[in-house]
Amino acid sequence: MAGEGHALTFISHKLHEVMEISDRVTVLRAGRAIATVPTAGATPRSLASLMVGREVEAVRRAEHPPAA
């Protein structure tokens with residue numbers, strides 16, 4: 001559809017998906033548009049900072065042992 005000139009809206013907090021399929025990203029916070037940036041110039045960290053309104057530290061998910 002995008003190739004036919006249609007605009008698509010994809011809403012997600014999964015930044016790897018957003019980065020994979022978008023040309024530009026608009027970040028919303030508290031119902032307001034905070035910024036629109038080209039995906040090529042963005043990083044997951046920069047988008048996360050826009051999302052929360054401050055610099056974020058790298059967070060890794062805790063690995064849980066398999067349930068017995």
Side-chain angles (χ1 to χ4, degrees):
M1 289 179 69
E4 296 172 3
H6 298 282
L8 303 173
T9 301
F10 177 73
I11 300 170
S12 179
H13 66 281
K14 297 178 181 178
L15 297 181
H16 66 281
E17 291 178 355
V18 171
M19 300 287 293
E20 186 175 319
I21 67 169
S22 65
D23 295 321
R24 65 179 174 248
V25 179
T26 298
V27 175
L28 304 175
R29 185 174 357 112
R32 295 190 175 170
I34 300 302
T36 299
V37 297
T39 305
T43 64
R45 188 176 191 151
S46 68
L47 294 176
S49 294
L50 289 169
M51 291 168 65
V52 299
R54 60 179 169 76
E55 289 294 319
V56 293
E57 295 180 27
V59 176
R60 302 200 191 283
R61 290 185 176 190
E63 292 190 27
H64 299 285

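Quick note: numbers below take in every heavy atom, side chains included, and nothing from hydrogens, waters or symmetry partners.
Taking each heavy atom of Ser12 and Glu17 in turn, the nearest pair found is OG-OE1, 3.7 Å. Among all heavy-atom pairs drawn from Met19 and Thr43, the shortest one is CE-CA, 4.1 Å.
Cluster membership for Leu47 and Phe10, using ILVMFWY side-chain heavy atoms within less than 4.5 angstrom, is shared.
Atom CZ of Arg24 is surrounded by 12 or fewer heavy atoms from other residues, nucleotides or ligands within 6.0 Å. More than 12 heavy atoms of other shown residues, nucleotides or ligands fall within 6.0 angstrom of atom NE2 in His6.
With rounding to the nearest 0.5 angstrom, the CG atom of Leu50 is 11.0 Å from the CG atom of Leu28. Glu55 contributes atom CD, which lies 9.0 Å from atom OG of Ser46 (distance to the nearest 0.5 angstrom). The CG atom of Leu8 lies 8.0 Å from the CD1 atom of Ile21; values are rounded to the nearest 0.5 Å.
Residues Leu15 and Val25 are not in side-chain contact: their nearest non-hydrogen atoms beyond the backbone lie 4.5 Å or more apart.
Here the side chain of Thr39 pairs a donor or acceptor atom with the backbone of Ser22 at under 3.5 angstrom.
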